[in-house]
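Chain letters run A, B, ... following the sequence lines, proteins first and then strands; every chain starts at 1. All values reported here derive from a predicted model rather than from experimental measurement.
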2 protein chains.
Amino acid sequence: MDAEHPLQLLVRNFELRCRLSPESRQALLDLPHSVQTMEAGSYLVREGEPPKKSVVPISGYACRQKITRAGTRQIIAIQIPGEAVDLQNLYLETADHNVQMLRRGTVALVPRDKLRELARSNSEIGEAIFAKTLVEAAIFREWVVNIGRRQAPQRIAHILCELGFRLKSMGLAKEYGYELPMTQEELGDAVGLTPVHVNRTLKLLVAEGLIERDKRSVSFPNWQKMRDAADFNERYLHPGIQAPIANF
Amino acid sequence: MDAEHPLQLLVRNFELRCRLSPESRQALLDLPHSVQTMEAGSYLVREGEPPKKSVVPISGYACRQKITRAGTRQIIAIQIPGEAVDLQNLYLETADHNVQMLRRGTVALVPRDKLRELARSNSEIGEAIFAKTLVEAAIFREWVVNIGRRQAPQRIAHILCELGFRLKSMGLAKEYGYELPMTQEELGDAVGLTPVHVNRTLKLLVAEGLIERDKRSVSFPNWQKMRDAADFNERYLHPGIQAPIANF
DNA sequence: CGTAGTGTTGAGTCAAGTCAATGGTTGTGG
DNA sequence: CCACAACCATTGACTTGACTCAACACTACG
């Protein structure tokens, strides 16, 4: 696993929904890059600054977030290993949000220019990148719906489904569940609730038999029931060719 | 105005932040298209269906929306004239949300394939389209923050600022305000509140001297004060070259 | 093995929702 | 051009989901 090429995860991520030719795959792996360990809470991108390097988490999770003037934080997205963080800034000059490591982990750094060059010269990769950013946008949209129109229990259930589904797609989940890398405070910041209310709501979901918890790992005793209760439909994740696999 | 080429607005929209060569501009105008009148509430894109035509509102506004299983609606974005609606689906096979006309209006229809072809063959246009979808994604992110972490008065103030700013950038606003094309129910669906609460909150904003209302038009007696109260910072709109203009 | 960060629980408050009635606008067809 | 009908805005009274404050328990890591 550790012996693997660090950008292999990036390739796997693109290949979730686009077929890549062997040449394109190799071109991605050939991108110049360095691997670095990052502490929990360290910033990968900072609002208001120009993004210089493109970052791909290899182990550990990152989150996109913004701080309001009132000082509250909203987490806008969770980036799992293999998901390049800066595609959202690839053609913009200034970052409009922050990206932070949730826990300690390793990341691969790729020069932004090289990635842009590759996207321009290889249209298969260019379109794969475009498609990936569109799927990210679809996730942002679903979060708007989740936070705007669902009650706390559904809201938390929904994000748990999404993370599970995405991790499973990437082969990063366990058989029935997965390691949830977030504190209850962070979870609250992701769904627009307070940590106290997250705590109570998680208890409720356990009581209703929708989830099981052990430390920071979550599992779903009955995936269909959970899916239903959460109003979760994976269509917005555009799972593509490997759709039937990702199922708990 | 009516004698103008219908796709002129689309060009103007791209040129807000990308310089286009005369050739690229002409290539956009040369796209095959038809103009059509659409009734209020008619669907331009439907969740679960493949998008066939790319739609550009010419007069009138459209909105992106999703319905939860509980039957509540969340509006995810407002598309103003000149903003191509289907860029979000350009490289995806199935729409994950609905797009609807808010009021009666006219739209230009462009075959999706032709637009994709042009994006591929003309990298200036390809990157302009990519950049535009990234700005849309930035707006989705800001909406997550707005709905997740701001109180009702700020939340409504913020969306009013955003719409004003965007309309002003496109030259579609009046001197001090603009025509708000939404009912209070629609506004509520956009910010995750009930129509009753929207009504009370609008009254509050008027009482505080932040906005003035006359029928469905809104104006800002003191833009700086409004901006401040709304926690509005236009950075996420990536206003680009014409930034200083857009100011109330 | 102590300390700081999390998780858990209870009691009280408040922002926003619900229900319901009334009043205004707007658009359409006679 | 008027009159109706449908839709939209407004207001009041009451309810509730989520927040706040505060205390205590766990647990992980140096």
Side-chain angles (χ1 to χ4, degrees), chain A residues 39-41 68 70-75 100-105 146-160 179-208 211-218, chain B residues 37 39-41 60 68 70-75 100-105 146-160 179-208 211-218:
Chain A
E39 289 305 312
T68 64
T72 56
R73 173 173 72 164
Q74 176 67 46
I75 292 178
Q100 243 183 328
M101 290 300 286
L102 278 172
R103 308 272 150 264
R104 187 204 314 247
N146 199 37
I147 296 172
R149 286 296 184 219
R150 291 195 190 103
Q151 306 277 91
Q154 289 186 295
R155 215 187 279 184
I156 292 182
H158 194 278
I159 198 179
L160 293 178
E179 210 58 45
L180 180 70
M182 305 169 73
T183 66
Q184 293 179 5
E185 179 163 17
E186 288 160 345
L187 203 49
D189 284 345
V191 294
L193 296 170
T194 55
V196 173
H197 202 60
V198 169
N199 185 282
R200 294 192 226 271
T201 307
L202 283 173
K203 266 181 54 182
L204 182 78
L205 294 177
V206 171
E208 290 183 340
I211 64 171
E212 281 169 4
R213 284 193 298 158
D214 179 34
K215 312 262 163 124
R216 292 238 177 107
S217 100
V218 181
Chain B
T37 298
E39 287 306 311
T68 64
T72 55
R73 173 173 73 163
Q74 176 67 45
I75 291 178
Q100 243 183 329
M101 290 300 285
L102 278 172
R103 307 273 149 264
R104 187 207 312 248
N146 199 37
I147 296 172
R149 285 298 184 218
R150 291 197 189 102
Q151 306 278 93
Q154 290 187 293
R155 214 187 280 183
I156 291 181
H158 194 280
I159 196 178
L160 293 179
E179 210 58 44
L180 180 69
M182 304 170 72
T183 65
Q184 294 179 7
E185 180 163 16
E186 287 160 346
L187 202 50
D189 283 345
V191 293
L193 296 169
T194 55
V196 173
H197 203 60
V198 169
N199 185 281
R200 295 193 225 271
T201 307
L202 283 174
K203 266 181 55 182
L204 183 79
L205 294 177
V206 171
E208 290 183 343
I211 64 171
E212 282 168 3
R213 285 194 295 159
D214 178 34
K215 313 261 161 124
R216 293 239 175 106
S217 102
V218 181

Quick one: [X] [atom1] to [N] [atom2], roughly how many Å, whole number?
X       : N       : atom1 : atom2 : answer
Q184(B) : dG24(C) : CD    : C1'   : 12 Å
L187(B) : dA9(D)  : CG    : C1'   : 13 Å
I147(B) : dA15(C) : CD1   : C1'   : 17 Å
K215(B) : dT25(C) : NZ    : C1'   : 8 Å
L102(B) : dC8(D)  : CG    : C1'   : 15 Å
L202(B) : dA16(C) : CG    : P     : 13 Å
L204(A) : dA18(D) : CG    : P     : 10 Å

Note to self: When you measure only distances, ignoring hydrogens and angles, does the side chain of R200(A) come within 3.5 Å of the base of dT20(D) through a donor and an acceptor?
What the structure shows: yes
Next item on the list: Return the 5'-most residue of the pair T194(B), R104(B) with respect to DNA chain C, ranking by each residue's nearest nucleotide.
Entry: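 First, find each residue's nearest nucleotide; the 5'-ward one identifies T194(B).
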Margin query: For a quick check of understanding: with a heavy-atom distance under 4.0 Å over all strands, which category does G188(A) fall into, base, sugar-phosphate or nothing?
Written below: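 The answer is nothing, as G188(A) stays clear of every strand by at least 4.0 Å.
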Margin query: So R155(B), base contact, sugar-phosphate only, or nothing? Heavy-atom distance under 4.0 Å.
Written below: nothing
Counting just side-chain N and O atoms, does [X] come under 4.0 Å of either OP1 or OP2 of [N]?
X       : N       : value
R216(B) : dT26(C) : no
N199(B) : dT10(D) : yes
K203(B) : dT11(D) : yes
Q151(A) : dG17(C) : no
R103(A) : dC29(D) : no

Notebook entry, point to check: Considering heavy-atom distances to DNA chain D, does E185(B) or R150(A) have its closest nucleotide positioned more toward the 5' end?
Noted result: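 The residue whose closest nucleotide sits nearer the 5' end is E185(B).
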Would you say [X]'s side chain and [Y]'s backbone share a donor-acceptor pair under 3.5 angstrom?
X       : Y       : value
R103(A) : E39(A)  : no
R149(A) : L193(B) : yes
E208(B) : L205(B) : no

Among [options], which nucleotide sits nearest the side chain of [X]?
X       : options                   : result
A152(A) : dA18(D), dT28(C), dG12(D) : dA18(D)
L193(A) : dG17(C), dG7(C), dC19(D)  : dC19(D)
H197(B) : dG17(C), dT20(D), dG7(C)  : dG17(C)

Notebook entry, point to check: Between K215(B) and E179(B), is a side chain to side chain contact (heavy atoms under 4.5 Å, CB included) present by the stated rule, with each step listed?
Noted result: CA-CA 9 Å; K215(B) 313 261 161 124; E179(B) 210 58 44; 5.5 Å; no
Notebook entry, point to check: Quick one: does Q74(B)'s side chain get under 4.5 Å of T72(B)'s, heavy atoms only?
Noted result: no
